[in-house]
Amino acid sequence: MEGGRGGKRWRFATPNLAVAAAGERSIQRYLLQLHACLDEHGPRPVILLSHGDPSSSACFRTAPEAEEAVAAAVRSGDYNGYTSPATSLPARRAVAEYLSCDLPYKLCTDDIFLTSGCTQAIEIVMSVFGQPGANILLPKPGYPKHEAHAVFHRMEVRLYDLVPERGWEIDVEAVKALADENTVAIVITNPNNPCGNVYTYEHLSKIADTASKLRLLVIADEVYGHLVYGCTPFVPMGVFGETVPVLTLGAISKRWVVPGWRFGWIAICDPKGILKETKVVDSLRSFQNLITDPATFIQGAIPHIMKNTNDEFFRKTVELLKETSEICYGEIKEIKCITCPHKPEGSFFMMVKLDISQLLDICDDIDFCSKLVKEESVVLLPGRALGMENWLRITFALDPPRLKQGLERVKSFCRRHQSHANQCQI
């Protein structure tokens, strides 16, 4: 490869192919392309139905107790330095107590690793298990950062299907068929992003039994834990820790509506001590020595945040999500070319199927989203970003009037682009 003047070859001129491969899995790549289609000077405000950050809506503001805890930590002057046992130990203890409330056993501080959000938790576990020859089972559709970090660490990714006709349940038989002696773990996301489903106790029990028989670790992404508003209650995968070792990934970002605070965790839900015996815990601890910790003032605030947040705040958040999910589901039912196979019960999202055959001059989901941005200033995430061509992911975590306005624009767009045969049916 030539580079620079005079045809001289620079020694750094070979790109890192693992970085390029991982970047291809990024949601941001698709969102940047869509935002480039926006008319910044258009007559109407942009409505983002593409990513889950409800903090932009005043109705989803975090709990006052959380804000006060952070302000008090900053004002104290005790959290301006580097992380130390004095800051991390109380935070780890608070997380252990918080998670233990939903488990049949107690976690201790040594079971908790603090991370800068759930994204760093994903990065850590994929780094620890990523090695040549290993493979990992990931859901399709799923959250792309799981796959991106697995690919970056040169793991083989094997995708198992979530079945829309069965409420996006995991295809257990596919999991059994995909696993072999080089499979290290299966990742599950519950409540689910992007599908909005919540797994029942019985289904999770079946997954735990299957993983145990296959001798696999379960990595449970539960960043949307407790954000459920349907008939199915949230059950942490750690409940089945006696059956199979579980690494639980979580954060305060979603339940407290503070994604910018960047505080998350990895919890070892393994009462039999299998992960300690196999040195996985040692590997996690070693890798943590290579990375940055969450901000110290957030660590200082965490014990107060988790202890003092009023249950009324959580109740109102869930009620609002139930309202907005109902709005979204109802509006989508009125658009003939878009169908939702399963009414959302948790998280901020729903996956919907796009019927291209009913639309004129739209060739696929990316074309649909690109033209929607240009014509209506509404951003949706194309299913291609999640490995699902001609599907869309819609978030409903924003204030109801703006959500309704955005969905009305989607309806208007579909009406303009529908084929003549379907014009009277939309």
Side-chain angles (χ1 to χ4, degrees), residues 95-107 111 118 137-143 146 160-176 179 185-251 254-255 265-272 274-275 311 314-315 317-319 321-322 325 341-351:
V95 173
E97 292 173 354
Y98 169 72
L99 296 177
S100 294
C101 292
D102 298 314
L103 299 175
Y105 51 89
K106 297 296 182 184
L107 300 178
D111 294 321
C118 198
L137 308 184
L138 302 181
K140 178 186 176 183
Y143 182 54
H146 294 132
Y160 64 85
D161 288 329
L162 305 183
V163 186
E165 298 79 16
R166 299 207 305 259
W168 297 107
E169 281 191 346
I170 293 168
D171 186 341
V172 177
E173 294 306 312
V175 168
K176 293 176 184 176
I186 177 172
V187 173
I188 68 166
T189 305
N190 183 46
N192 192 273
N193 169 14
C195 302
N197 59 304
V198 181
Y199 294 129
T200 64
Y201 180 97
E202 292 74 21
H203 190 59
L204 291 172
S205 178
K206 185 185 293 186
I207 297 303
D209 289 339
T210 301
S212 178
K213 288 173 184 173
L214 295 172
R215 315 299 285 172
L216 302 181
L217 167 72
V218 176
I219 300 171
D221 186 334
E222 296 178 356
V223 72
Y224 291 94
H226 295 284
L227 291 176
V228 297
Y229 35 83
C231 298
T232 307
F234 168 63
V235 178
M237 194 68 199
V239 165
F240 306 98
E242 291 278 1
T243 302
V244 64
V246 177
L247 288 180
T248 297
L249 316 184
K254 310 303 183 184
R255 196 180 186 201
W265 56 79
I266 302 168
I268 300 167
C269 300
D270 178 33
K272 290 185 176 179
I274 296 169
L275 296 178
D311 285 343
F314 297 131
R315 187 186 65 79
T317 300
V318 169
E319 282 184 356
L321 283 172
K322 181 177 177 61
S325 70
H342 181 71
K343 188 177 183 179
E345 298 181 288
S347 83
F348 305 156
F349 305 101
M350 61 192 293
M351 283 291 286

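A distance of 8.0 Å separates CG in D111 from OG in S100, rounded to the nearest 0.5 Å. Note: L138 CG to I186 CD1 = 9.0 Å, rounded to the nearest 0.5 Å. In this structure, OG1 on T243 lies 10.5 Å from NZ on K213, to the nearest 0.5 angstrom. Of the inter-residue distances, the one linking E345 atom CD with S325 atom OG reads 9.5 Å to the nearest 0.5 angstrom. To the nearest 0.5 angstrom, E169 atom CD is 9.5 Å from L204 atom CG.
Distance alone, capped at 3.5 Å, places no donor-acceptor pair between the S212 side chain and the V244 backbone. In this structure, K272 contributes its side chain and E242 its backbone to a donor-acceptor pair below 3.5 Å. Formation of a donor-acceptor pair under 3.5 Å by the H342 side chain with backbone atoms of C195 is not found in this model.
Considering every non-hydrogen atom in both V239 and V235, the closest pair reads CG2-CG1, 4.0 Å. Across all non-hydrogen atoms, the minimal contact from L217 to P245 is CD1-O, 3.3 Å. Smallest separation of non-hydrogen atoms from S347 and P191: N-CB, 4.0 Å. For P233 against V198, the heavy-atom pair with the smallest separation is O-CG1, 3.8 Å. Between I274 and D270, the closest heavy-atom pair is N-OD2, 2.7 Å. Taking both residues in full, the closest heavy atoms of V228 and V318 are given as O-CG1, 3.1 Å, listed atom of the first, atom of the second, then distance.
Contact annotation: the side chain of L214 approaches that of V175 to within less than 4.5 Å [non-hydrogen atoms, C-beta and beyond]. At a threshold of 4.5 Å between non-hydrogen side-chain atoms, the residues D102 and H226 count as touching. Using a 4.5 Å heavy-atom cutoff, the side chains of N190 and F234 are in contact. Counting heavy atoms from C-beta on, the side chains of F240 and V246 never come closer than 4.5 Å. The closest side-chain heavy-atom distance from L247 to L275 is below 4.5 Å. In this structure, P141 and W168 have side chains that are in contact, with non-hydrogen atoms separated by less than 4.5 Å. By the 4.5 Å heavy-atom criterion applied to side chains, Y199 and N192 are counted as neighbours. Using a 4.5 Å heavy-atom cutoff, the side chains of V223 and Y143 are not in contact.
By the side chain to side chain donor-acceptor pair (under 3.5 Å) test, H146 pairs with D221, sequence neighbours left out. With sequence neighbours left out, Y229 forms a ring-ring contact (aromatic ring centres under 6.0 Å, His included) with no residue at all. E173 meets the side chain to side chain donor-acceptor pair (under 3.5 Å) test with K176; sequence neighbours excluded.
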| task | Decide side-chain contact (heavy atoms from CB on, under 4.5 Å) for M237 and I207; before the verdict, give the C-alpha distance in whole Å, the side-chain angles of both, and the deciding distance to 0.1 Å. | result | CA-CA 9 Å; M237 194 68 199; I207 297 303; 4.2 Å; yes

| field | Steps toward side-chain contact (heavy atoms from CB on, under 4.5 Å) verdict (T317, R255) | value | CA-CA 8 Å; T317 300; R255 196 180 186 201; over 6 Å; no

| message | Before you tell me yes or no, could you show the steps for T248 and I266 under side-chain contact (heavy atoms from CB on, under 4.5 Å), namely the whole-Å CA-CA distance, both residues' side-chain angles and the distance that decides it to 0.1 Å? | response | CA-CA 6 Å; T248 297; I266 302 168; over 6 Å; no

| request: Determine, step by step, whether I219 and I188 satisfy the side-chain contact (heavy atoms from CB on, under 4.5 Å) criterion, reporting the C-alpha distance in whole Å, the side-chain angles of both residues, the deciding distance to 0.1 Å, and the verdict. | output: CA-CA 6 Å; I219 300 171; I188 68 166; over 6 Å; no

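Within 6.0 Å of the OH atom in Y201, the count of heavy atoms belonging to other residues, nucleotides or ligands does not exceed 12. More than 12 heavy atoms of other residues, nucleotides or ligands shown are found within 6.0 angstrom of CZ on R166.
Relative orientation of the F348 and Y224 rings is perpendicular, given thresholds of 30° and 60° on the angle between their planes.
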